[in-house]
Amino acid sequence: MDLILVAVISLGAIGLIAAVILYVASKKFAVYEDPRIAQVAEVLPQANCGGCGYPGCSGFAEACVKAGSLEGKLCPAGGQAAMEKIAAILGLQAEASEPKVAVVRCNGSCENRPRIVKYDGAQSCKVAHATCGGETACAFGCLGCGDCVSVCRFDAIRMNPETGLPEVDADKCTACGACVKACPRNIIEIRPKGKNNRRVYVNCVNKDKGPVAMKACKVSCIACGKCVKECSFEAITVENNLAYIDPAKCRLCRKCEAVCPKNAIVAVNFPPRKPKVEAPATEAPKAE
Amino acid sequence: MKTFRIGGVHPAENKLSAASAIETLGLPKQAVFPLSQHIGAPAVPCVAKGDVVKVGTKIADAGGFVSAAIFSSVSGKVAKIDSVIDASGYRKPAIFIDVDGDEWEEGIDRSETLVKECSLKPEEIVEKIKNAGVVGMGGACFPTHVKLCPPPGSKAECVIINAVECEPYLTADHRLMLEKPEEILVGVSLLMKAAKVDKGYIGIENNKPDAIKLMQEKAAAYPGIEIVPLKVKYPQGGEKQLIDAVISRQVPAPPAIPISVGAVVQNVGTAYAVYEAVMKNKPLFERIVTVTGKSVTKPSNFLTRMGTPMSQLIEAAGGLPADTGKVIGGGPMMGKALMNIEVPICKGSSGVLIMNDKEARRGEVRPCIRCAKCVSACPMGLEPFLLSTLSDHSEWERAEKEDIVSCIECGSCQFTCPSNRPLLDMIRLGKSTVMGIIRARSAK
């Protein structure tokens, strides 16, 4: 009988002491967490893609709440809609942001860029880039092992087996930039989506001198500078034997596309050109 | 018989060109000299377009302490300083020289007479080696004079000469020992004098019994030099493996280097180059290159001027076979597949191996079956399957903890893998990434 009594009393006492310690600790070491962090995290897409520059969605939520303003903050996956919701929760103003998209700047398809050797090492662009110049004579272009495809969390980038190049689905792409980091050759660039999804860009990253680049690929930029002269908005620069169109200055006039002798400049999602009808009309009077 | 303690594999030896005496290859039409053909800073050109150079004229200065000067192997005119596609397919700066005649710099002793007596001080020998642009001829091309200047706090106790030639197919070192044994031994004595030691070992694998016998006979006249026959096992030519095999000392993990255990390791080709540089005033501008392969008509060893395109060597060995699958610069284990055969012979080009289509093909990659063959093959005691996975998953911190930087990239793991996994490809990627991280950390 005694034994049971001792057990009950001692256990009860231990329980009581523990309860007191726990209570004191919970009060003394309590960490206040802003309830809005959880609310903000809830409206985020929870893709944890890291495109915002913070470690995952909860990191971004905390940063939004703590910063006190949404300046310079954007969740690329959630886009403007998510930012508006966050702004509503925090009572702040969401910054107007331009939708962006990943652009693969290489057109070295099997047809344009002949394969001169066969790479049979590990199927990883990083390994291929470190061991050799790739299967073609172009040491800058796409290696085609698909590192960008495997890092995409939105299923927005796919290998086209016909061209051997990755293709971005602009509707699915959130411009999180994971593919940009994965590409060892810095071929992929995040560019503004453009009005009606229209974009003009140099579809090449070859920095070799003209003749070398010309030999390697049918559609390489040879830095001839014609586009620079043609551009009325000073949007195009040639550096290291490569032209680059600054999306902030480009007005999408497409004049550069027309003058590029190598078809290295591409304009996407534009309606078909009309000038084909105009050209004979202007030529006709001359002939007369 | 001695060998190193852990790991190692034994690939088929295939020393097809072992019986072919060294032939002197003709001059190229144009010689190309890449500016970085050694470990360390690239060399800096000291000639300009249009300059006339002779054989043995310095055309590029060392770009730093860990760097080496480059000498012209031909006489003629500097055509241009431009970029050339190297073995990996990338463009690297290089000096192009159009060949015209064969006029040598004065002061180079071209006679065959053996010069044994050397009254130079150790520092003077090192200076001469440095001024002749001598680098390790085994393939890594580490500047020789740097190895002979031990960092403060460490002291050399012996010189170990790597005459192992553990790579299958290659026979350049083997032929050199058979044809120039005395020169090599004088070179070794010079290296011993320069390193201020009185003990020298020459490690030779016992698949070269003729070389072992000849060297043993000749070495009797050279005090302090001992020939050490070694059991055939790859990668015995690795510095750390050779030290383990010859003097039974183990080099700890990086940053420790061979000198930490008192050893200075040099290749047998380097010993010969040192002899020529010090005794004959001849800078490093030619080397012996093995051209071999199962389908090659005439597997040969050529004494080749640097800058000669590999295609010329292949032509001299009977031309490119029709069933060529891969052309490899170096041996089959550590060599690199070439993207084009116009690449020039450099200081580290020990061989050109032409593999036929069947040999060259890699097997289908299958899942890892956890057989641990790679673990028992690794001569550094690493776990290749784990390192490769960590590298694949970009787990750099863990890879660093698992000592990925200790990997010597010998390829034994990949050779032995029954699932044909590209273990070394992934480990190499991980190693270079982790080394970059370590460098960035220490720079802070």
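Any value given below was found using the heavy atoms of this structure, including those in side chains, with hydrogens, waters and symmetry copies removed. All values reported here derive from a predicted model rather than from experimental measurement. Each chain gets a letter, A, B and so on, in the order the sequences are listed, and its residues count up from 1.
Of the atoms belonging to B/A360, it is backbone heavy atoms, and not side-chain ones, that fall under 4.5 Å from chain A. The contact between B/R91 and chain A is made entirely by side chain atoms (from C-beta outward), counting heavy-atom distances below 4.5 Å. Proximity to chain A is absent for every atom of B/N420, based on heavy atoms less than 4.5 angstrom apart. Only the side chain of A/K209 has a heavy atom closer than 4.5 Å to any heavy atom of chain B.
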Pairs under 3.5 angstrom only: tabulate donor-acceptor contacts from the side chains of residues 341-359 of chain B to other protein residues two or more places apart or in another chain.
residue: B/E342; atom: OE1; partner: B/S311; partner atom: OG; Å: 3.2
residue: B/E342; atom: OE2; partner: B/S311; partner atom: OG; Å: 3.1
residue: B/K347; atom: NZ; partner: B/A69; partner atom: O; Å: 2.7
residue: B/K347; atom: NZ; partner: B/G133; partner atom: O; Å: 3.0
residue: B/S349; atom: OG; partner: B/C346; partner atom: N; Å: 2.8
residue: B/S349; atom: OG; partner: B/C346; partner atom: O; Å: 3.3
residue: B/N356; atom: OD1; partner: B/K358; partner atom: N; Å: 3.4
residue: B/N356; atom: OD1; partner: B/E359; partner atom: N; Å: 2.9
residue: B/D357; atom: OD2; partner: B/R361; partner atom: NH2; Å: 3.2
residue: B/E359; atom: OE1; partner: B/N356; partner atom: N; Å: 3.4
residue: B/E359; atom: OE2; partner: B/Y169; partner atom: OH; Å: 2.6
residue: B/E359; atom: OE2; partner: B/K294; partner atom: NZ; Å: 3.2

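Smallest separation of non-hydrogen atoms from B/R428 and A/T131: NH1-CG2, 4.3 Å. Nearest heavy-atom pair across A/A122 and B/M426 is CB-SD, 4.0 Å.
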So A/K126 and B/D425, salt bridge (Lys or Arg N to Asp or Glu O under 4.0 Å) or not? Walk me through it.
-> CA-CA 10 Å; A/K126 272 190 192 131; B/D425 291 354; over 6 Å; no
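Residue B/R441 qualifies as enclosed at atom CZ: its count of foreign heavy atoms under 6.0 Å is above 12. Applying the 6.0 Å contact sphere to NZ of A/K172 captures more than 12 heavy atoms from other residues, nucleotides or ligands. Residue B/E395 places its CD atom among more than 12 non-hydrogen atoms of other residues, nucleotides or ligands, all under 6.0 Å distant. By the 6.0 Å contact criterion, CD on A/E111 is open, its count of non-hydrogen atoms from other residues, nucleotides or ligands being 12 or less. Annotation for A/K100: atom NZ does not count as buried by contact number, only 12 or fewer foreign heavy atoms lying within 6.0 Å. Heavy-atom neighbours of B/K326 NZ from other residues, nucleotides or ligands within 6.0 Å: above the threshold of 12.
At distances below 3.5 Å, at least one donor-acceptor pair connects side-chain atoms of B/Y90 with backbone N or O atoms of A/C132.
By number of non-hydrogen pairs under 4.5 angstrom with chain B, the leading residue of A/T136, A/D120, A/I116, A/D208 is A/D120.
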